[in-house]
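Proteins come first, then strands; the chains are lettered A, B, ... in the order of their sequence lines, and each starts at number 1. From a predicted model like this one, the values you see are computed outputs, not experimental measurements.
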There are 2 protein chains.
Amino acid sequence: MEQINGHEITYQYETEDKVLLAVDCIIFGFDQEDLKILLIKRGFEPEMGKWSLVGGFLKKEETLEAAATRILNLYTGLDNIYMEQVDTFSEVDRDPVERTISTAYYALIDIKEHSKNLIQQFSANWFSVSKAPHLIFDHDKMIQHALRRLRNRAATEPIGFDLLPEKFTMRQLQKLYEAIWDTKFDKRNFVNKINSLNIIDKLDEKDMTTSRKGSYLYQFNAEKSKTQDIRPFGLKI
Amino acid sequence: MEQINGHEITYQYETEDKVLLAVDCIIFGFDQEDLKILLIKRGFEPEMGKWSLVGGFLKKEETLEAAATRILNLYTGLDNIYMEQVDTFSEVDRDPVERTISTAYYALIDIKEHSKNLIQQFSANWFSVSKAPHLIFDHDKMIQHALRRLRNRAATEPIGFDLLPEKFTMRQLQKLYEAIWDTKFDKRNFVNKINSLNIIDKLDEKDMTTSRKGSYLYQFNAEKSKTQDIRPFGLKI
DNA sequence: ATATTTCGTGTATTATCAACACTAAGGCTG
DNA sequence: CAGCCTTAGTGTTGATAATACACGAAATAT
């Protein structure tokens with residue numbers, strides 16, 4: 001009850017059920033070969049010791065986005081990371097202890113940038129998406145949804161660069177997209193396509209670590225990218 | 001606390017905050033001209049009397065999907081309707097009374113099929129998406145997200161038919177897609193495109209209500225549609 | 001009979017996608 | 001230092017899909 005202008009008004013809210021709301025993060029990284037996800041050995045009951053997504057409970061005074069950001073930072077030490085809400089999972093018995101609804105977010109990070117200490121501290125590990133162990137609760141399903149969302153998003157917006165270092169080679173970029181969609185592109189077609197999008201700049205520097213000849217480094221250009229519609233990467237297997 | 005194998009285990013759950021979880025439904029319909037949404041004059045505080053999406057609170061023993069279905073049925077009398085989760089909205093002060101997180105779903109219904117009685121009973125009304133009044137809380141934002149999702153989905157899956165009667169004319173179908181994307185298609189190109197998808201059957205019947213000549217009726221063929229990849233409707237303005 | 005309205009259809013042009021193979025650079029090795 | 005080896009870098013052609021575009025047919029109303 002509450003008083004407004006001298007009238008008593010009753011909110012229906014008081015009689016409604018409250019639930020626990022959690023956030024789980026699918027943290028994607030890329031190691032030059034495979035698309036990977038960061039998993040932890042769960043440190044508390046239930047299902048202690050089993051592999052799990054990183055997650056946590058929503059606090060009263062934060063948004064889901066803030067919670068996802070907080071959790072990501074807790075486990076990787078990173079800030080300012082691209083994240084996107086995937087879906088909210090609400091099967092009644094998805095958590096055996098108590099009714100818990102969970103909203104999944106995925107994050108794209110440069111795999112070299114996260115804190116190695118934290119990884120150790122939480123018994124965390126990177127797994128290739130295709131070789132990840134079975135996870136607790138409905139986390140496997142969350143990954144499938146996140147992957148689907150990532151694939152759709154990456155096809156129409158230039159988010160892949162978040163998974164690479166600031167400077168990257170054309171070959172790295174190609175391997176990344178091949179990993180995201182589990183496919184192969186023709187090298188020449190890929191270069192032509194990317195260049196036609198006009199969203200990355202070729203630098204004068206070369207990366208000498210993977211070949212004697214060296215390969216040019218590129219850099220994502222957010223300005224250029226803003227001014228144009230990114231069209232799908234439609235390239236054949 | 002709980003006993004398992006004689007050991008006491010503590011779940012962290014007990015100390016976590018619980019919140020109210022609501023579901024709001026963006027109910028889309030199509031009236032041969034405009035894409036419309038069903039709104040109600042809110043019958044309780046806060047914001048009583050203002051326009052709002054239809055919604056309700058999640059109950060302890062139901063999933064979000066079940067809640068969305070229940071709410072849709074409550075306001076339209078309809079069952080077995082295409083629905084899709086859009087996003088979960090969690091701004092801390094989105095509801096002024098109490099912290100409430102809300103998951104939005106959109107539904108596609110044949111606008112002629114819903115219960116007129118219920119509409120009256122709830123002081124509900126159909127509004128063109130482009131002419132809808134300002135809504136309470138973050139409901140305007142929910143509609144924008146739903147619309148975006150609908151546009152993406154309709155571009156790659158044959159869900160538009162849920163907005164039409166079972167039998168429809170090619171012209172109706174075209175107007176529907178024009179309404180969804182707020183664009184115009186060339187009549188000949190549209191027909192060619194739809195026919196190439198091979199997912200609707202031409203009937204022998206004609207609809208005589210809109211022209212002297214009459215126009216052929218078509219019917220969605222779910223079987224055919226299942227056996228092929230639906231490709232985007234890529235047609236120019 | 002003729003006027004009016006909406007229906008229904010095909011082709012030529014352009015843009016995008018897909019297939020395809022060789023030379024260049026530079027360090028390494030004998 | 002000559003040849004070797006590995007990865008980088010690049011262009012053209014044919015196939016497919018998207019777009020632009022206009023007129024006759026049917027049926028009712030006058």
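One can place CG of A:N195 at 8 Å from P of D:dT10, the figure rounded to the nearest angstrom. The distance from atom NZ of B:K202 to atom P of C:dC7 is 13 Å, rounded to the nearest whole Å. Per the geometry, CZ belonging to A:F185 stands 19 Å off C1' belonging to D:dT10, to the nearest Å. In this structure, A:K193 atom NZ and C:dA15 atom C1' are separated by 11 Å, rounded to whole Å. As rounded to whole Å, 17 Å separates atom C1' of D:dA20 from atom CZ of B:F190. Computed from coordinates, the A:N192 CG to C:dT16 P distance equals 13 Å when rounded to whole Å.
Using modelled atom types, one finds no donor on one side chain facing an acceptor on the other under 3.5 Å when comparing A:T63 with B:S90. Side-chain contact, A:D207 with A:T169: no donor N or O sits under 3.5 Å from an acceptor N or O.
Within the nucleic acid shown, A:K206 has no heavy atom closer than 4.0 Å to any nucleic acid atom.
Residue-to-nucleotide proximity on DNA chain D shows that, of B:M208 and A:R212, the 5′-proximal contact is made by A:R212.
Cation-pi contact between A:K202 and A:Y216: present, with separation from the ring centre below 6.0 Å and deviation from the ring axis of at most 45°.
Contact check for A:S215 versus A:M170: no side-chain heavy atoms found under the 4.5 Å cut-off.
Contacts of A:F30 classified as ring pair (Phe, Tyr, Trp, His ring centres under 6.0 Å), with partners at least two apart in sequence or in another chain: none.
Taking the ring centroids of B:H145 and B:F89, they lie under the 6.0 Å cut-off. Between A:Y177 and A:F185, the ring center distance fails the sub-6.0 Å criterion.
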Tabulate protein N/O versus nucleotide N/O from nucleotides 20-24 of chain C, keeping only pairs under 3.5 Å, one per line.
from: C:dC20; atom 1: N4; to: A:D186; atom 2: OD1; distance (Å): 3.3
from: C:dC20; atom 1: N4; to: A:R188; atom 2: NE; distance (Å): 3.4
from: C:dC20; atom 1: N4; to: A:N189; atom 2: OD1; distance (Å): 3.4
from: C:dA24; atom 1: N3; to: A:K213; atom 2: NZ; distance (Å): 3.2

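Shown for residues 167-180 of chain B: residues whose heavy atoms fall under 4.0 angstrom of DNA chain C, namely B:R171.
The CG atom of B:N125 lies 8.0 Å from the CG atom of B:L39; values are rounded to the nearest 0.5 Å.
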